[in-house]
Visitor: 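Once you've had a glance at the structure underneath, I'll fire off some questions.
Numbers here simply count residues along the sequence, with the first being 1.
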Amino acid sequence: MNIIIDNSSGEPIYEQIINQIKNMVIKGEFKEGDLLPSMRFLAKELKISVITTKRAYEELEKAGVIETIVGRGSFVTKKNIESIKKEHLKNIEEMLKKTVDMAKINNISCETLKEFIERLY
């Protein structure tokens, strides 16, 4: 599993793991029924606490992204990918609203803002 931890980001490590696993599911890198690495293995691989990976897996399970079966491991569920995408779209909309508000405060036109977005995209 290719998870990259950024210790300099303000985002907690367990949230970084959650977001990256959700993104892997959306991209199809993990499919329904795929086995995730054990919490201990992932913790060792990322050089972090098992408690951190446990929290990430628990949150993913609460969100319905994975299912843990005692003695077998954690598997990707039939979770509707559309609901994860809706969650991402909601987050994007919130970030864009803040950006638009900041642009208005600084008298940046909508056209200029669109150009910024197109260039970044």
Visitor: Donor-acceptor pair, distance only, cut-off 3.5 Å: does the side chain of Lys31 make one with the backbone of Gly28?
Guide: yes
Visitor: Do Ile13 and Leu46 have side chains that get closer than 4.5 Å, going by heavy atoms?
Guide: no
Visitor: Are more than 12 heavy atoms from other residues, nucleotides or ligands located less than 6.0 Å from atom CD1 of Ile108?
Guide: yes
Visitor: Share the residues that join Ile69 in a hydrophobic cluster, the rule being Ile, Leu, Val, Met, Phe, Trp or Tyr side chains under 4.5 Å apart at the heavy-atom level.
Guide: Leu35, Phe75
Visitor: Test of understanding: clusters of I, L, V, M, F, W, Y form through side-chain heavy atoms closer than 4.5 Å, transitively. Do Tyr14 and Ile5 belong to the same one?
Guide: yes
Visitor: As an exercise, state the distance from OG of Ser38 to NZ of Lys44, rounded to the nearest 0.5 Å.
Guide: 10.0 Å
Visitor: Is there a path of hydrophobic side-chain contacts, each under 4.5 Å between heavy atoms, that joins Val65 and Ile26?
Guide: yes
Visitor: Side chain of Thr77, backbone of Glu67: donor and acceptor closer than 3.5 Å?
Guide: no
Visitor: Of all residues at least two apart in sequence or in a different chain, which pass the side chain to side chain donor-acceptor pair (under 3.5 Å) check with Glu115?
Guide: none
Visitor: For side-chain contact (heavy atoms from CB on, under 4.5 Å), just list the numbers for Ile21 and Asn19, CA-CA rounded to whole Å, side-chain angles, deciding distance to a tenth of an Å, and then say yes or no.
Guide: CA-CA 6 Å; Ile21 290 176; Asn19 291 332; over 6 Å; no
Visitor: Just by modelled atom types, is the Met95 backbone N or O under 3.5 Å from a matching donor or acceptor in the Thr99 side chain?
Guide: yes
Visitor: Taking everything shown except Glu94 itself, do over 12 heavy atoms lie less than 6.0 Å from its CD?
Guide: yes
Visitor: What is the distance from atom CG of Asn2 to atom CD of Glu45, rounded to the nearest 0.5 Å?
Guide: 8.5 Å
Visitor: May I ask you to decide whether Glu87 forms a salt bridge with Lys90, counting only side-chain N to carboxylate O separations under 4.0 Å?
Guide: no
Visitor: The criterion is side chain to side chain contact (heavy atoms under 4.5 Å, CB included); which residues satisfy it with Leu120, sequence neighbours excluded?
Guide: none
Visitor: Run the numbers on His88 and Asn23 for side-chain contact (heavy atoms from CB on, under 4.5 Å), then give the verdict.
Guide: CA-CA 10 Å; His88 284 185; Asn23 289 340; 2.9 Å; yes
Visitor: Write down the atom of Gln20, the atom of Ile3, and the distance for their closest heavy-atom approach.
Guide: OE1-CA, 3.3 Å
Visitor: Under the side chain to side chain contact (heavy atoms under 4.5 Å, CB included) test, which residues partner Thr68, sequence neighbours left out?
Guide: Glu61, Ile66, Ser74
Visitor: If I take atom CD1 from residue Ile18 and atom CD from residue Glu11, how far apart are they, to the nearest 0.5 angstrom?
Guide: 9.0 Å
Visitor: Going from CD on Glu59 to NZ on Lys54, what distance comes out if it is rounded to the nearest 0.5 angstrom?
Guide: 11.0 Å
Visitor: Taking only residues two or more places apart in sequence or in another chain, which ones pass side chain to side chain donor-acceptor pair (under 3.5 Å) with Asp34?
Guide: none
Visitor: Quick one: OG1 on Thr112 to CD1 on Ile117, what's the gap to the nearest 0.5 Å?
Guide: 11.0 Å
Visitor: Stepwise, does the salt bridge (charged side-chain N to carboxylate O under 4.0 Å, His left out) test hold for Glu118 with Lys114?
Guide: CA-CA 6 Å; Glu118 286 176 2; Lys114 287 178 185 176; over 6 Å; no
Visitor: Which heavy atom in Leu42 sits nearest to a heavy atom in Ile17, and how many Å separate them?
Guide: CD2-CG2, 4.3 Å
Visitor: Taking only residues two or more places apart in sequence, or in another chain, which ones meet Asp6 in a side chain to side chain donor-acceptor pair (under 3.5 Å)?
Guide: Ser8
Visitor: Quick check for you: to the nearest 0.5 Å, what is the distance between Ile92 atom CD1 and Lys85 atom NZ?
Guide: 11.5 Å
